[in-house]
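In what follows, chains carry the letters A, B, and so on, assigned in the order in which the sequence lines appear, proteins first and then strands, with residues in each chain numbered from 1.
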Amino acid sequence: MFLALRAEVEDALEGALAALDFPTDDLGIEEPPDDVASVLASSVAFRLASEAGAPPPQVAGQVADEIDADELTYVSDVQTQGPYLNFLPSDAYFAETLSEATADDYGTLPDREESVVVEHTSANPTGPVHVGRARNPIIGDAVANLLEYAGYDVDRHYYVNDAGRQMAVFTWAYETFDESDLESEPERDRKEYDLVRYYRKGNRVLENAPEDEVEAAEAEIESIMQGLEAGDDEAYERVSEVVDQVLGGMTECLERLPAEFDEFVKETRFMRNGDTDDLVARLKDLDESVYEEDAWQLDLEDHGIDKNLVFLRSDGTSLYATRDLAHHEWKFDEYDRAVTVLGEDHKLQARQLRTTLELLGNDTDGLRQVLYSYVNLPEGKMSTRRGTGVDLDDLLDEAIDRARKEVEDRLDDRIRDDELDDDDIERIAHQVGIGAVRYDIVSKQPTKAITFEWDRALDFEAQSAPYVQYVHARCCGILEEAGLDPEADLADQDVELEALEADLLATDAERDLLETIARFPAVVDEAGDDLEPHQIATFTREFADRFNGFYRECPVLADGVDPEVREARLALVAASKHTVANALSILGVAAPRSM
RNA sequence: GGGCGCGUAGCUCAGUCCGGAAAGAGCGUCGGACUUCUAAUCCGACGGUCGUGGGUUCAAAUCCCAUCGCGCCCGCCA
């Protein structure tokens, strides 16, 4: 409803300004501070003052007089407060918000008939997912969810780097060493924990072994890479044996978040189908291409990039960047838009990619990056190769353990007599524990650096997932108590919706809550445009504050409540439930029915 | 050295893109509220040169310039 109200206000204001012969290019529309009763305001009078030859408050009065609120649907009155114009919401605004929000898909925007591929995570299949990269699947999954709610047709891709030198090293190590050569046991009973030991062993050997041993290894690694470049089935199968096993394990870890993918796109695909060769030929033809030191490169200095892009090594093999160009042209063929979630260390490459795609004749308007900075340990970076870092599995386990302990501690002084059984405790521990990890990461701007500390990452206090989840559980508790199904659309249930006069919800707490609910679709819209899921997290906090205010002030099911008011408040609770459930669902945080 | 990002309360962060109503949360500290729909909640108090210095503007945390601190990048790695 907020979007409709904003459109109406813009129209009315523009009309009034035009009628007064004022310029209409800047309407100065803004959201007023909390202590102001209006839903939207305008500071346009400041700008018009000199032109009008009158002080701003007087101009504001003039403009307000020009607008007839009776002709507006969602605005009941236009008032001035000093230089500001305030647009007050009408009963229709509240009534329509209430009726819209009781639908279980509230917050879902109309279908845009536009497809978008969200590529995220895409971690090299070298070993267990560690916390340093954990921002990627968490932000990426939220961005994909957000775009789905915003009306896009979304596919989620994991781009598998199976053709790089690292994988050749891994394959060589896997084939060369035996279990008995390894110094340690797997840290966990899953494939990537088992195999990463070969990768680490291989890297240690390459760094420390005698020269002739390293040379022999390098020759083998080189032959694997040449085999891949030639599209050789045997090389592909050797590498795949490692890649598929490790990736399978990593996928299981990511499913715990949960972060799931529609497709795992391997980069070897673009070598084997000839796209990379074609692309290399086209790159060579560009004016920017140069052949220096036996390698083919692109000189992008005229396009503001100092660093050359090497696209063919002196040994004739392609590079990650080369294949990624082919990969992106494929994305452009298949989708209207493409979003990639990347670590900030890939920023320069992202610029090179975009520039080069343009040189190749692609329209890159639909290509956007979401950049985040890595999570580091107090003592430095996490690295799979060196085995430094905190595994995401361990973080999730610890989160669940701490959440379980929290649930058990609270069991004794629990008022509600719904008797949580062991399954409930386990369910809540998972929902809260994993939810807290995700919420902590997704609620911050991705560009801010994070240093990992256990206690900070696993803080269940307010402004965290449990705070918001608790509001959801409270909503469900009330609805269930009233005999309603919290999950379902209220319209499909046995409730007298026609009795929902908005003036039954007259207290400030109810109005504030409804106003917040009304803004949800607009928040989805803007967060989707900006690719910033943390805006949704900020909204959930504001929403939870408002709901708790309502909860304190307005009993729903208590004995003394007028039956009509009770119905209206139940509808408000149902609207709240769908709002918070859907907001949490965008963030990928579970919404518990009880906790 | 160059490019990019970050700097807001003791701590963790919103707000910055798109300038407007005496800077907002949470944690921590202190003081209150459970015979009432779940106290993982709520209410109150304390706490701020918005890194620093200039500039633009009727108006700057927000825009511009400079500067300091921290991070990332500047591979025929990914």
Looking at [X], does any N or O in its side chain come under 4.0 Å of the phosphate oxygens OP1/OP2 on [N]?
| X | N | value |
| --- | --- | --- |
| Arg541(A) | A25(B) | no |
| Tyr467(A) | A25(B) | no |
| Asn548(A) | C42(B) | yes |
| Arg313(A) | C77(B) | yes |
| His534(A) | C13(B) | no |
| Arg474(A) | U41(B) | no |

Of the candidate nucleotides [options], which contains the atom at the shortest distance from the side chain of [X]?
| X | options | value |
| --- | --- | --- |
| Asp530(A) | C4(B), C18(B), A40(B) | C18(B) |
| Asp294(A) | C18(B), C76(B), C73(B) | C76(B) |
| Phe46(A) | A40(B), C58(B), C77(B) | C58(B) |

Strictly by modelled atom types, are [X] and [Y] linked by a side-chain donor-acceptor pair under 3.5 Å?
| X | Y | value |
| --- | --- | --- |
| Thr340(A) | Tyr159(A) | no |
| Tyr320(A) | Asn124(A) | no |
| Thr447(A) | Glu344(A) | no |
| Asp459(A) | Ser464(A) | no |
| Arg456(A) | Thr451(A) | no |
| Asn86(A) | Ser38(A) | yes |

Taking only distance into account, with no hydrogens and no angle test, what donor-acceptor pairs under 3.5 Å do side-chain atoms of residues 524-531 of chain A form with protein atoms, sequence neighbours excluded?
residue: Asp525(A); atom: OD1; partner: Arg112(A); partner atom: NH2; Å: 3.1
residue: Asp530(A); atom: OD2; partner: Gln535(A); partner atom: NE2; Å: 3.1

So what does [X] hit on the nucleic acid, given a heavy-atom distance under 4.0 Å: a base, only sugar-phosphate, or nothing?
| X | result |
| --- | --- |
| Asp345(A) | sugar-phosphate |
| Val310(A) | sugar-phosphate |
| Val471(A) | nothing |
| Glu480(A) | nothing |
| Val573(A) | nothing |
| Leu411(A) | nothing |
| Gln166(A) | sugar-phosphate |
| Ala321(A) | nothing |
| Asp324(A) | nothing |
| Arg410(A) | base |
| Phe311(A) | nothing |
| Cys554(A) | base |
| Thr538(A) | sugar-phosphate |

Per the atom types in the model, does the base of [N] pair as donor or acceptor with the side chain of [X] at under 3.5 Å?
| X | N | value |
| --- | --- | --- |
| Asp34(A) | A21(B) | no |
| Ser314(A) | C76(B) | yes |
| Gln463(A) | A25(B) | yes |

Q. Distance under 6.0 Å and angle within 45° of the ring axis: does Arg474(A) meet both against Tyr551(A)?
A. yes

Comparing nearest nucleotides in RNA chain B, the 5'-proximal residue of the pair Asp545(A), Val36(A) is Val36(A)

Assert: residue with more 5' nearest nucleotide on RNA chain B, out of Gly549(A) and Lys381(A), is Gly549(A)

Atom pair distance, as rounded to whole Å: [atom1] in [X] and [atom2] in [N]:
| X | N | atom1 | atom2 | value |
| --- | --- | --- | --- | --- |
| Leu484(A) | C37(B) | CG | P | 18 Å |
| Arg546(A) | U41(B) | CZ | P | 18 Å |
| Asp559(A) | U35(B) | CG | P | 18 Å |
| Asp26(A) | A59(B) | CG | P | 17 Å |
| Ile450(A) | C70(B) | CD1 | C1' | 16 Å |
| Asp529(A) | C18(B) | CG | C1' | 13 Å |
| Glu406(A) | A40(B) | CD | C1' | 7 Å |
| Glu553(A) | C43(B) | CD | C1' | 10 Å |

In whole Å, what separates the [atom1] atom of [N] from that of [M]?
| N | M | atom1 | result |
| --- | --- | --- | --- |
| U57(B) | C70(B) | P | 35 Å |
| A23(B) | A59(B) | C1' | 15 Å |
| U12(B) | G48(B) | C1' | 16 Å |
| C6(B) | G24(B) | P | 23 Å |
| A14(B) | A25(B) | C1' | 7 Å |
| C77(B) | U52(B) | P | 45 Å |
| A21(B) | C34(B) | C1' | 39 Å |
| G10(B) | C50(B) | P | 12 Å |

Thinking salt bridges, do Arg519(A) and Glu31(A) make one under a 4.0 Å N-O criterion?
yes

*Is any NZ, NE, NH1 or NH2 atom of the basic residue among Lys405(A) and Asp409(A) found under 4.0 Å from an Asp or Glu carboxylate oxygen of the other?*
yes

Syn within 90° of 0, anti beyond: C34(B) is syn

Item to check | Check: Tyr158(A) ring centre within less than 6.0 Å of His120(A) ring centre | outcome: no

Please produce a list of atom pairs where a protein N or O lies less than 3.5 Å from an N or O of nucleotides 6-11 of chain B.
residue: G7(B); atom: OP1; partner: Lys448(A); partner atom: NZ; Å: 2.8
residue: C11(B); atom: O2'; partner: Arg456(A); partner atom: NH2; Å: 3.0

From the list Val589(A), Val471(A), Ile536(A), side-chain contact (heavy atoms from CB on, under 4.5 Å) with Leu584(A) holds only for Val589(A)

